[in-house]
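Take a look at the structure below.
All values below come from the heavy atoms of this structure, side chains included, with hydrogens, waters and symmetry mates left out. Whatever order the structure lists ligands and atoms in, that order sets their numbers, starting from 1.
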Amino acid sequence: MKLSAYNFTRRSVSAAIGLALGLGLIGGLTGAVLAADYKPEYKISTVIGQPFPWGESAVKWADLVRERSNGRINMKMYPGAQLVAGDQTKEFTAIRQGIIDMAVGSTINWSPQVPELNLFSLPFLMPDHKSIDALTQGPVGKKLFEVIASKDVVPVAWGENGFRELSNSKHPVRTPDDMKGLKIRVVGSPLFLDTFTALGANPTQMSWADAQPAFATKAVDGQENPVSIFVAAKLPNVGQNNLTLWGYMADPLIFVVNKRVWENFSPEDQKIVREAAVEAGKFGIDMGRKGISGSDMSVIESIKAGGVNVVTLSDAERQKFVAATREVHNKWKPRIGADLVDLAEKSIKGK
Ligand code: X2X
């Protein structure tokens with residue numbers, strides 16, 4: 001009796017151990033399958049790396065996600081659009097195809113595949129930083145995220161490259177007349193060719209990778225980029241010593257994840273990735289806006305102190321540029337979507 005009870009107990013114990021081992025094995029396997037499904041590394045594409053706000057915000061995104069996922073998700077930035085061999089206008093297609101897992105990309109570079117993103121490139125649409133926010137954080141931003149999501153790319157947050165100011169190596173630009181004949185490097189969308197042609201300049205399209213040697217060899221006279229890039233890329237060192245603060249357009253950045261990559265993440269990890277992107281976006285926006293507006297003009301002051309001739313336009317002077325580019329607005333409004341442009345103007349007025 002005792003013996004059989006003993007046997008029974010022993011059998012139960014070993015069954016329980018067997019079950020526990022089995023469950024443990026299954027549990028372990030599930031974990032292993034999940035871990036195997038997650039890539040050892042997720043590649044984030046950017047055009048600009050550190051120490052620019054663009055690159056800093058991508059690195060911040062990766063750092064926050066690594067920390068909050070306890071290392072389950074390991075993201076790494078690949079700057080210089082290197083995942084598309086420097087051709088930044090192919091970035092969106094590569095994300096869509098899964099060649100790129102994630103990106104922090106400019107609306108300009110993605111506008112060939114997402115025409116609605118040309119909205120931000122309409123000359124003189126947004127007069128100030130609040131207007132950018134009124135678009136990205138309002139119904140316009142929501143609509144644009146829907147458009148992107150319809151193309152197998154999951155948008156998670158907004159960042160910012162910033163207001164694009166005009167520089168050149170020839171002479172100060174204060175009126176559209178001053179732009180006559182200037183050879184200006186532009187990027188991305190054909191809209192830029194129209195804007196600079198309307199202003200009497202001679203625009204030429206090239207990637208950022210090709211642009212920097214072109215400044216140094218004087219193959220082009222000028223360019224347009226945010227002040228943060230003008231400074232960090234040391235453009236005055238390659239002869240870009242005239243800078244006109246005209247704020248004719250600003251390009252937001254968008255944090256995105258390839259759809260298959262996104263769907264593979266657990267809901268918990270999706271939340272981590274999204275929230276970290278929102279924080280990293282805000283971090284980059286604050287960094288890029290510092291020292292170039294309002295009461296803090298320290299970055300502009302240091303550019304002047306470095307010997308750059310900085311032109312600030314009066315309202316009347318700016319108005320001449322607005323008038324000269326109005327035809328570009330009219331031509332591109334239906335291409336972007338008249339309703340979207342109207343909604344944007346309404347959002348800016350009501351900000
Ligand atoms: O190429 C540019 O000018 C840059 C770096 O600003 C963009 O990628 C839009």
Quiz item: So His129 and Phe163, would you call those rings parallel, tilted or perpendicular, with 30° and 60° as cut-offs?
Solution: tilted
Exercise. For Trp54, take its heavy atoms, then give the atoms of ligand 1 lying under 4.0 Å from any of them.
Key: 5 (C), 7 (C), 8 (O)
Practice problem: Evaluate the ring planes of Phe124 and Tyr248, with Trp represented by its six-membered ring, and classify them as parallel (under 30°), tilted (30 to 60°) or perpendicular (over 60°). | Solution: perpendicular
Exercise. Output the list of atoms in ligand 1 that are nearer than 4.0 Å to some heavy atom of Asp251, sorted by atom number.
Key: 9 (C)
Quiz item: For ligand 1, which atoms, with element, lie under 4.0 Å from some heavy atom of Arg164?
Solution: 2 (C), 3 (O), 6 (O), 9 (C)
Quiz item: At a non-hydrogen distance cut-off of under 4.0 Å, which region of Glu91 contacts ligand 1 (side chain, backbone, both, or neither)?
Solution: neither
Self-check item: Atom indices of ligand 1, in the order listed, that fall short of 4.0 Å to a heavy atom of Trp208
Solution: 1 (O)
Quiz item: Between the side chains of Asn118 and Ser121, does any donor sit under 3.5 Å from an acceptor?
Solution: no
Exercise. Within a distance under 4.0 Å of any heavy atom of Val47, pick out the atoms of ligand 1 and give their elements.
Key: 5 (C), 8 (O)
Exercise. Please check if any side-chain donor atom of Ser111 sits under 3.5 Å from a side-chain acceptor atom of Asn109, or the reverse.
Key: no
Exercise. Check each of Asp251, Asn161, Leu253 against Thr107 using the side-chain contact (heavy atoms from CB on, under 4.5 Å) test, and report the only one that passes.
Key: Asp251
Exercise. Find all atoms of ligand 1 within a distance of less than 4.0 Å from any non-hydrogen atom belonging to Asn161, and give their numbers and elements.
Key: 6 (O)
Quiz prompt | Proximity of Gln223 to ligand 1 by residue part, where a heavy atom lies under 4.0 Å | solution = neither
Quiz item: Under 6.0 Å from the NZ atom of Lys333, do we count more than 12 heavy atoms belonging to anything else shown?
Solution: yes
Quiz item: Which atoms of ligand 1 are found less than 4.0 Å from any heavy atom of Asn109?
Solution: 7 (C), 8 (O), 9 (C)
Exercise. For Ile48, take its heavy atoms, then give the atoms of ligand 1 lying under 4.0 Å from any of them.
Key: 5 (C)
